[in-house]
Amino acid sequence: VPFLTAIDLLYWRDIKQTGIVFGSFLLLLFSLTQFSVVSVVAYLALAALSATISFRIYKSVLQAVQKTDEGHPFKAYLELEITLSQEQIQKYTDCLQFYVNSTLKELRRLFLVQDLVDSLKFAVLMWLLTYVGALFNGLTLLLMIQAKIPGAKRHAE
C-alpha cells in the first residue's frame, strides 16, 4: 500500500491509514503534555527496540527450530546506504557530516539488532533516560548545559 499524501490524509481517503496517522500524532501530542520530550523520545526508542529485538529473537528461534539458514532478518536494511551526501550538508562542516553519518549508522545497527548485546545495552540506556526525563524537563537540561558552556552566560544576558 503506497503512502498517502498530506491531501489524502486531510480528506480521509483511506480511513484506516488516516486514523493510524492522526491517532499516532494525537498520542504523541498527549504524551508531550504529560511527559518531557526526553521521556517521550526514550519511550519511543524503547518501543522500537523492543519490537526489533523481539522480531530478531523470534526469527532466530524459528530458524533454529526449522533448521533453515535465512540469515539476519534485517540484513537488507542493514546494507542500505543511508549516509547524507556532501552536497546536502556542504553549508555545515565536514566534522558535522562525519558525526551525523556515524550516528545514523550506529542507530541503524542498534535498532536493527546487528549485535544483540549492544542493542540491549542501548535499551537499558533509553530506560534510564526515561527516569532522567521524569526528573528534568528539556528546558532545565538545556539551562544546565548552557551553564557549563564557557562564554554562554555573556550571550544569554
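Only heavy atoms go into these numbers, but all of them, side chains included; no hydrogens, no water, no symmetry mates.
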Applying ring-ring contact (aromatic ring centres under 6.0 Å, His included), can you list everything that pairs with [X], at least two apart in sequence or on another chain?
X   : result
Y77 : none
Y43 : none
F55 : F74

Separation between [atom1] of [X] and [atom2] of [Y], rounded to the nearest 0.5 Å:
X    : Y    : atom1 : atom2 : answer
L112 : T52  : CG    : OG1   : 6.5 Å
S31  : Q34  : OG    : CD    : 8.0 Å
L49  : L120 : CG    : CG    : 8.5 Å
F122 : D115 : CZ    : CG    : 13.5 Å

Under a 4.5 Å cut-off applied to non-hydrogen side-chain atoms, are [X] and [Y] in contact?
X    : Y   : result
Q114 : L78 : yes
D8   : D14 : no
I7   : Y11 : yes
L104 : T83 : no

Side-chain ([X]) to main-chain ([Y]) donor-acceptor, under 3.5 angstrom:
X    : Y    : answer
E70  : Q63  : no
T130 : W127 : yes
R56  : V113 : yes
S119 : L110 : yes
R108 : T103 : no
S50  : L46  : yes

Shared hydrophobic cluster, [X] / [Y] (ILVMFWY, side-chain heavy atoms < 4.5 Å):
X    : Y    : answer
I57  : V65  : yes
F25  : L44  : no
I20  : L10  : no
V37  : F30  : no
F111 : V117 : no

- Task: Provide the closest heavy-atom pair for T18 versus L9 in the form atom of the first, atom of the second, distance.
- Result: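 Nearest heavy atoms, T18 then L9: CG2-O, 3.2 Å.
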- Message: A quick test of your reading: do over 12 heavy atoms of other residues, nucleotides or ligands sit less than 6.0 Å from CG of L80?
- Response: yes
